[in-house]
Structure formats: structure tokens, C-alpha cells
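Reviewing the structure listed below.
Counting convention: from 1, in listed order, for ligands and their atoms alike. All values below were derived from every heavy atom in this structure, side-chain atoms included, with hydrogens, water molecules and symmetry-related copies excluded.
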Amino acid sequence: MSAYRTSADPQERASEASKRPRQAPPRLGSVTTPPIAPYVHRRVPLDVGGRRLEFATCLDLFSSHQVDVGSRLLLRTIEPVLAARGSTGGARVLDLGCGYGALGVALATLPAVAAAHLVDRDALAVDFAAENARANAVEVTTALSLGLAEVLRDAPEARYDLVVSNLPGKAGATVLSSMLLGALGVLAPGGLVAVVVIEPIRDLVASTLSRDDIEVTLRRDTADYSVFHYGPAAGTSFPPPAEAFDAGVYDRGALPFEDANEQPAAITTVEGIPNYDRIDVIEAALTRRIPRIRPGQRVLVSNVAQGYLAAYVRSAQPEAHVILVDRDVLALRTARRALLALGAVEDRVEMRVIGAWSEDSAADTNPDLVVGVLHEGGGAPAVEAEYSGLVAALAPGGRAVLAGGSTAITRLLAHALPPGCKASRTKHRGTSFLEVTRAV
Ligand SMILES: C[S@@+](CC[C@H](N)C(=O)[O-])C[C@H]1O[C@@H](n2cnc3c(N)ncnc32)[C@H](O)[C@@H]1O
């Protein structure tokens with residue numbers, strides 16, 4: 001039997017969320033645009049409004065082979081709607097879940113569009129979107145946002161004439177519904193939401209939008225996708241949505257584990273991050289390699305996922321300062337919440353969002369210990385960039401314990417290290433663990 005327990009009914013959670021006052025999400029530190037070169041898989045074309053754009057893609061981002069067929073279908077349905085507004089339309093566009101920026105950057109080139117704001121919960125996606133806009137000489141703004149949380153925090157009064165989204169197909173019903181309905185709450189009068197979804201969730205989307213206060217103005221189905229254009233029905237309007245994460249919209253349930261003192265503990269896991277119902281075996285193996293942590297030491301946990309590793313570290317040394325590092329805002333907020341729920345004081349928990357790594361990404365964090373599972377989805381140069389950034393961050397006398405696939409770790413062992421650093425490897429059932437120490 002699974003150790004996972006479900007919490008309250010998702011529909012109840014979504015509806016409770018809409019009644020709660022909105023609270024600001026915690027800040028994640030400044031976001032810069034680092035070089036994305038190690039992460040680039042290929043450059044793919046997209047023709048829009050008579051212009052050819054080119055997008056750098058990444059193996060670890062949505063649709064790395066070409067611009068998604070669904071995104072192109074969505075664009076084709078939007079172009080005539082915007083053309084009808086004419087070049088004086090001055091439309092403000094929000095691209096929710098922008099990935100590497102295909103929709104938002106393409107729309108920003110159209111004469112009817114005055115401004116495009118591109119957001120994603122994934123900092124690597126935001127880095128790519130910003131760079132793709134720059135490389136195509138298209139002006140947009142980009143930001144990290146979990147759903148609409150940071151959009152509303154940063155510009156509470158901003159309203160959009162068009163909200164577009166190629167909705168995440170695996171987000172789960174409650175999150176999807178909060179994105180579909182939440183978008184209505186940031187529309188300007190007369191505004192439109194235009195989304196594309198994959199076939200397996202088209203009925204769910206159709207039923208979510210089937211309400212008296214919503215008017216669906218276009219639906220286009222292909223074998224694999226559905227596009228919906230919709231807005232508030234005549235005479236209705238929607239308030240800005242509640243802060244979804246705090247309201248539990250992403251929650252899956254409590255996941256119990258045995259902490260470093262062999263005591264029972266639990267974390268609340270979320271939808272949209274792997275291993276919501278079981279402890280990741282690689283993270284579990286990593287905990288057995290964590291050296292003794294002394295009070296006051298700084299521990300950087302990289303790739304925090306559901307927060308298990310960070311929670312384990314904190315149980316090993318409650319007086320440690322924990323620096324949570326991830327590219328995903330949802331993972332960071334989930335891990336931070338886990339630590340606070342287990343009794344950590346806010347001052348000892350820091351969040352750092354890093355998309356594309358460079359050597360100085362975490363240079364100011366100064367950790368005595370780094371633990372984490374390397375991201376391998378972006379290819380070998382991306383793994384090397386992350387590894388270099390993590391090792392460069394180590395304080396004198398510090399140590400890093402990193403898990404990865406054997407091929408990746410073999411390459412990293414051949415990688416030049418900063419002066420005074422030494423690396424060694426151990427193996428456990430197909431996973432390798434790389435230990436790097438830095439001389440005092
Ligand atoms: C299907 S992809 C679409 C990407 C891009 N718009 C395109 O058309 O290629 C969905 C994107 O939504 C992002 N996403 C998923 N859940 C999100 C959330 N709750 N808030 C913000 N972005 C989210 C993912 O990181 C991913 O980049």
C-alpha cells in the first residue's frame with residue numbers, strides 16, 4: 001500500500017481558494033539573464049505575420065524539436081482576432097506558461113500588440129524566453145510566476161486584453177481549473193483568453209468553461225489539440241484570483257518519511273513535480289551520504305523537488321542555514337513550506353531561483369555543504385554548467401555531495417575544478433555520487 005494520503009477534495013480546495021483573500025507569494029531574489037548557450041539544443045523557425053522568427057530550444061523545456069503544433073494552431077486562431085483590432089489596437093498580452101517564448105514573442109511582433117508579458121514557473125524557460133525575444137529584436141517583458149501569483153504581486157492593477165496559454169497537459173484538474181478561471185480575473189474589459197490543450201484534457205477544459213458566466217467564442221478541435229477562446233459572459237466580470245499555492249490548489253497530500261533521527265516526519269507534496277507519492281530513491285540514497293552538519297553551517301540543497309532532501313537536512317541539524325536552489329518556483333515554495341512546517345525559522349531558510357547556471361550563479365551563497373541531484377535533461381554542457389556553478393559556490397573547507405547518472409558523473413570527473421578542490425566518486429545501483437571537497 002502506498003504511504004501517500006490524499007487531502008481534502010480538489011474541487012473544494014479550488015473553490016475555497018477563490019474565497020480567500022490574496023496573499024503575496026514570497027520573493028525569490030533578483031532574476032538576471034545568464035548565458036543560455038550550454039542549454040541550447042537547436043534553433044527552430046516560426047513564421048508569424050509575414051516574418052520568420054527563430055527560437056533557441058532546450059532538451060529540458062517543452063517542445064525542443066520544433067515549435068509545438070498546438071502553439072502554432074493557437075497562433076493561427078488569434079491572428080485574425082488581433083487583426084480585427086487593427087494596428088491601433090494597442091493590445092496588452094499575457095503569455096501564461098511561456099516556455100521558451102514561442103507564443104508571447106510571436107504575438108509581440110503583430111501590429112495590434114502594444115506589450116507582451118511572458119511568465120513561467122520555470123526560471124530556465126524564462127531565461128530562454130528573454131533571450132529569444134532579444135535575439136529576434138522583439139520587445140517583451142518576462143518574469144517568473146507560479147500561475148498568476150507573481151503577475152498579480154508585481155502589478156496588481158495590470159489588466160490584459162489577451163491572455164494566451166498552451167496549458168500544461170499534466171498539471172492536474174485543480175491546477176488547470178485555477179489557471180483557466182484565474183486568467184479571467186486579469187482581463188481588461190472586452191478581453192479574451194485563448195488557450196490550447198492536448199486531446200486527453202479537452203473534455204475537462206470544456207466542462208470547466210461550461211458555465212453561465214463564461215462565453216466560449218471559439219472552439220477548434222483537431223485530432224490532437226483543442227483551442228478555446230473565451231471571456232466573461234455579457235454583464236459579468238471576474239475578480240483577480242486568490243493566491244493558489246497558499247490555498248492548497250497544488251497540494252497532493254502528506255508523504256511520511258523517517259527523518260535523520262529516525263523519527264516519523266511528513267512533507268506535503270504537490271501536483272506537477274515527480275514523486276508526490278513516494279520518496280525518490282536517489283534522494284534517499286543521497287541522505288545516507290550527507291556528512292555531519294554543525295550548528296550554524298550553511299547547507300545548499302540543489303534541485304529541491306518535493307522538499308524531502310531539504311527536510312531531511314533540517315532534521316539532521318535544526319540549527320543549519322538552508323539555502324534552497326531550484327529553477328522551479330513551485331519546487332522552491334513547496335520545499336520552503338515543508339521546512340517551515342517542520343519548525344524551521346524563516347531566517348534560516350533562503351530561496352534562490354536559478355535557471356541557466358553560470359559560475360557565479362550561487363557564488364554569494366557560500367555553503368559549507370552542497371547536496372543535490374544534478375539536472376541531466378538539458379544535455380552534457382548544461383550538467384557541466386550546473387556542476388561548475390555549484391562547486392564554485394563552496395566555502396573554503398566545504399564539501400559537495402551530488403547524485404547523477406554514471407555517464408554524467410564520468411564526464412564531470414574529467415572536468416577541471418577550481419584550485420584546492422578534489423573530486424571522488426562512489427556508486428550505488430546505477431546512480432553515481434560525486435563528492436567534491438574544497439581545501440580550507
Ligand atoms: C505546454 S508548455 C507551453 C510552453 C510555451 N507556451 C509553448 O507554447 O511552447 C507549458 C508551460 O507552462 C509552464 N507551467 C506549468 N505550470 C505552470 C504554472 N502553474 N505556472 C506557470 N507556468 C507553468 C511550464 O513550465 C511550461 O513551460
Side-chain angles (χ1 to χ4, degrees), residues 14 17 25 28 41 44 46 48 53 55-78 93-108 116-130 132-133 140 142-153 163-183 186 194-201 205 224-227 241 243-247 249-251 270-274 326-334 353 355 377:
L28 300 157
H41 170 54
V44 298
L46 175 66
V48 63
L53 301 170
F55 290 86
T57 72
C58 173
L59 282 171
D60 221 6
L61 293 176
F62 176 72
S63 211
S64 62
H65 180 60
Q66 58 170 2
V67 172
D68 179 52
V69 174
S71 303
R72 284 188 271 142
L73 174 67
L74 179 61
L75 280 174
R76 283 200 297 281
T77 66
I78 295 170
V93 175
L94 175 68
D95 180 355
L96 178 58
C98 62
Y100 54 72
L103 289 174
V105 172
L107 290 169
H117 189 46
L118 282 60
V119 300
D120 204 288
R121 72 178 224 205
D122 179 351
L124 187 62
V126 175
D127 290 343
F128 267 73
N132 280 325
V140 301
T142 55
L144 278 162
S145 188
L146 180 58
L148 293 158
E150 285 80 359
V151 171
L152 284 161
R153 179 197 66 197
V163 178
V164 293
S165 188
N166 182 339
L167 286 166
K170 293 183 185 157
T174 322
V175 174
L176 264 181
S177 147
S178 95
M179 290 172 95
L180 283 163
L181 303 179
V186 295
V195 299
V196 64
V197 295
I198 50 173
E199 185 277 331
I201 56 169
V205 171
D224 299 323
Y225 299 93
S226 285
V227 167
E243 216 289 274
F245 180 83
D246 287 342
V249 164
Y250 291 87
D251 292 355
V270 292
E271 198 80 68
I273 296 179
D326 208 288
R327 51 188 256 204
D328 182 0
V329 181
L330 178 58
L332 284 173
R333 292 189 66 184
T334 303
V353 66

Q) Can you name the nearest heavy-atom pair linking Asp120 to Gly97, along with the distance? A) OD2-C, 3.2 Å
In a simple table, one pair per line, please give the protein and ligand 1 atom names for every N or O pair closer than 3.5 Å, along with the distance.
{"unit_1": "ligand 1", "atom_1": "6 (N)", "unit_2": "Gly97", "atom_2": "O", "d": "2.8"}
{"unit_1": "ligand 1", "atom_1": "6 (N)", "unit_2": "Cys98", "atom_2": "O", "d": "3.3"}
{"unit_1": "ligand 1", "atom_1": "8 (O)", "unit_2": "Ser71", "atom_2": "OG", "d": "2.6"}
{"unit_1": "ligand 1", "atom_1": "19 (N)", "unit_2": "Tyr250", "atom_2": "OH", "d": "2.9"}
{"unit_1": "ligand 1", "atom_1": "20 (N)", "unit_2": "Gly147", "atom_2": "N", "d": "2.7"}
{"unit_1": "ligand 1", "atom_1": "22 (N)", "unit_2": "Arg121", "atom_2": "N", "d": "3.2"}
{"unit_1": "ligand 1", "atom_1": "25 (O)", "unit_2": "Asp120", "atom_2": "OD1", "d": "2.6"}
{"unit_1": "ligand 1", "atom_1": "27 (O)", "unit_2": "Asp120", "atom_2": "OD2", "d": "2.7"}

Q | Salt-bridge contact Asp127-Arg327 (side-chain N to carboxylate O under 4.0 Å) | A | no
Q | Between CZ on residue Arg72 and OG on residue Ser63, distance to nearest 0.5 Å | A | 8.0 Å
Q) Which atom names give the shortest non-hydrogen contact between Ala133 and Val140, and what distance separates them? A) CB-CG2, 3.5 Å
(Q) Under a 4.0 Å threshold between the charged nitrogen and the carboxylate oxygen, would Glu243 count as salt-bridged to Arg333? (A) yes
Q) Between CZ of Phe245 and CG of Leu330, what distance do you get to the nearest 0.5 Å? A) 6.5 Å
